[in-house]
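Here is the structure we will look at, set down as structure tokens.
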Amino acid sequence: MSFPLLTVTAAVPAIGAIATAAVPAAKRTAAKWLALVFSLATFALAVTIAVRFAPGAKGGPYQLTESHAWIRDFGVRYELGVDGIAVAMIALTALLIPFVILAGWHDADPLEEVRPNRRWRPTQGFFALILAVEAMVVLSFEATDVFLFYVFFEAMLIPLYFLIGGFGDRAGTSGGKDGDEDAGRRSSAAVKFLLYNLVGGLIMLAAVIGLYAVTADQLGTGTFSLQQIVEARAAGKLDIGTGTERLLFLGFFFAFAVKAPLWPLHTWLPGAMGESTAPVAVLITAVVDKVGTFAMLRFCLQLFPEASSWATPVILVLAVISVIYGALVAVAQRDIKRLIAYASISHFGFIVLGIFAMTSQGQSGATLYMVNHGISTAALMLVAGFLISRRGSRLIADYGGVQKVAPILAGTFLIGGLATLSLPGLAPFVSEFLVLVGTFSRYPVIGIIATVGIVLAALYVLVLYQRTMTGPVKTEEVRAMPDLRVRELVVVAPLIALLIFLGVYPKPLTDIVNPAVDHTLSVVDKKDPKPPVQVDAVPGEGRHGHPARNNDVEAAK
């Protein structure tokens, strides 16, 4: 039996979570280092997956596969496999978690060390929950059995609920008082997050059961295997009726749209990100929310190709609304973290737009956007977290002149912001450009409208930087603000370097992703639109004054 690399990659953070939680209460520092070591080991395994993965290799769309019977009576299997999209997402997750742990090094320290007469916060639990989320997210990217995917898609909500509600941001909008009002908002945000995602998951569960019933009826044996279902459809052995397929698609898509989040199912995200610590906010939007858009590519399009085409016009409209709405609301925000949250809603609109444009450029751009948005949002949100922890407030109005007292902090904040607005030369620009090109080639009106989001992104990012970093120093708290420390530089510098590297040279990512995108489009039976052939008006002459060729004229006809 070959080495179960995918299982081990998910098992390491799970074991790390148990080990970290078991560290005695007095050994908080040891728990932190233990969690960091396990996250680095997971990253090393993710790099091994990327190295062993062969883009475009023959023998099926998935590599490093594992398949074992789990619940035989119901056709449930422990089935894992990765394509290029999954490899990219696992690498992103494993890359960000060590930075999340380092950035949150003191976020769960006992409150008595900061403010007297406050309850203790279990440090070990904080880092154990982060590793537990990582394990479930990695398994979600690896699972090729629909039921197995569903289990971890829902299970990750539990540790996230406790991270939001139990380890919320100490620097609230009340000026850092950490009072009952802030605690109430944290609890409300955690409950709203859980309810929204649970409702989406329950609807998906009904669709999962429906899919099993259809396969059992037509194949004789029910199955949840993604590859088996896709192959049965291609061979004509499985024919899901049009009405049934559309209902099943809607059940899956609803759950993924909540997780993504897509307008109008987005309202849980600003509260969850705003009331979380900055590292947990990164965990939510840069890691966990990507499971929703990833699942649209892996499950919605491949399981329900006809229904995906049928729903595309409505989904594109919702995606464009997300792009414009998220950017407009971000412009009006007074809270730094909520501004970044609404900016993420706008960016997720671009990702969904690229997925359902049904073009190779659009879907490649959407996958790159998932990776690049994760890196850029992590950079911006973590620097914002360092800023907020110094001043004790999330309100933009409480800042001003930061670049005069903390120039490195201001500089990294600016680069993170410029990446968020997709400045050429930084990684998100490549993604956004591909999404817009891919969308415009098939849906030009939608593509043109979506470009408004670029203008609005420049507005909210530059206004945020101007109000917080430039101008005179407003308060003594800002005047006494230290610059980034060594630990904080270790967190931010690699993310900034990655944004520049992937902005200049995205080929390593595109080489991995493109074969998986081509496979997805072939399952949906979509091809890129052919560009129009330009024929000059002068008879007998082709392009650039050369004699017209017969095939040019015929193509024009």
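Heads up: numbering here begins at 1 and tracks the sequence. Basis for what follows: all heavy atoms, side chains included, without hydrogens, waters or symmetry-related copies.
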Taking atom OH of Y465 as the centre, report whether more than 12 heavy atoms of other residues, nucleotides or ligands fall under 6.0 Å from it.
-> yes
Under 6.0 Å from the CH2 atom of W105, do we count more than 12 heavy atoms belonging to anything else shown?
-> yes
Using atom types as modelled and distance alone, determine if a side-chain donor or acceptor of [X] lies under 3.5 Å from a backbone N or O of [Y].
| X | Y | answer |
| --- | --- | --- |
| R391 | D398 | yes |
| R390 | D483 | yes |
| R487 | L102 | yes |
| K259 | V291 | no |
| S364 | Q361 | no |
| S346 | V323 | yes |
| T285 | V282 | no |
| Y399 | S393 | yes |
| Q363 | G354 | no |
| N372 | S431 | no |

Which residues pass the salt bridge (Lys or Arg N to Asp or Glu O under 4.0 Å) test with [X], not counting sequence neighbours?
| X | value |
| --- | --- |
| R338 | none |
| E154 | none |
| K32 | D109 |

Which pair of heavy atoms, one from [X] and one from [Y], lies closest together, and at what distance?
| X | Y | value |
| --- | --- | --- |
| P279 | A103 | CG-C, 3.8 Å |
| T293 | A260 | CG2-CB, 4.1 Å |
| V430 | G503 | CG2-O, 3.8 Å |
| P261 | L269 | CG-CD2, 3.6 Å |
| P270 | A341 | CA-CB, 3.8 Å |
| V461 | G417 | CG1-O, 3.3 Å |

So, using side chain to side chain contact (heavy atoms under 4.5 Å, CB included) as the criterion, who are the partners of [X] when residues are at least two apart?
| X | value |
| --- | --- |
| L40 | L36, P98 |
| A357 | T359, T439 |
| D511 | K507 |
| L5 | F3, T9, L45, T48, I49, R52, L64 |

In Å, rounded to the nearest 0.5 Å, how long is the span from [atom1] of [X] to [atom2] of [Y]?
| X | Y | atom1 | atom2 | result |
| --- | --- | --- | --- | --- |
| S376 | I340 | OG | CD1 | 10.5 Å |
| I18 | F38 | CD1 | CZ | 9.5 Å |
| M273 | D289 | CE | CG | 8.0 Å |

Between the side chains of Y460 and T420, does any donor sit under 3.5 Å from an acceptor?
-> no
Going by distance alone, is a donor N or O of one side chain under 3.5 Å from an acceptor N or O of the other, for E432 and Y369?
-> yes
Between [X] and [Y], is any pair of side-chain heavy atoms under 4.5 Å apart?
| X | Y | result |
| --- | --- | --- |
| L194 | L160 | no |
| F99 | L495 | yes |
| V463 | R467 | yes |

How would you list, by chain and number, every residue that makes a ring pair (Phe, Tyr, Trp, His ring centres under 6.0 Å) with [X], sequence neighbours excluded?
| X | result |
| --- | --- |
| F141 | F294 |
| F356 | F253 |
| F193 | W268 |

Between E142 and the options V87, T7, V137, V82, the side chain to side chain contact (heavy atoms under 4.5 Å, CB included) test singles out V82
Of all residues at least two apart in sequence or in a different chain, which pass the side-chain hydrogen bond (donor to acceptor under 3.5 Å, both in side chains) check with Y150?
-> none
For T20, which residues count as a side-chain hydrogen bond (donor to acceptor under 3.5 Å, both in side chains) partner, sequence neighbours excluded?
-> none
Please step through side chain to side chain contact (heavy atoms under 4.5 Å, CB included) for the pair I351 and V435, ending with a clear verdict.
-> CA-CA 7 Å; I351 295 172; V435 166; over 6 Å; no
Can you check side chain to side chain contact (heavy atoms under 4.5 Å, CB included) on L139 and M136, steps first, answer last?
-> CA-CA 5 Å; L139 269 171; M136 294 173 188; 5.8 Å; no
Please report the C-alpha distance between F348 and H266 in whole Å, then the side-chain angles of each, then the deciding distance to 0.1 Å, and finally whether the ring pair (Phe, Tyr, Trp, His ring centres under 6.0 Å) criterion is met.
-> CA-CA 10 Å; F348 275 104; H266 67 283; over 10 Å; no
Is the closest basic N to carboxylate O distance between R394 and E275 below 4.0 Å?
-> yes
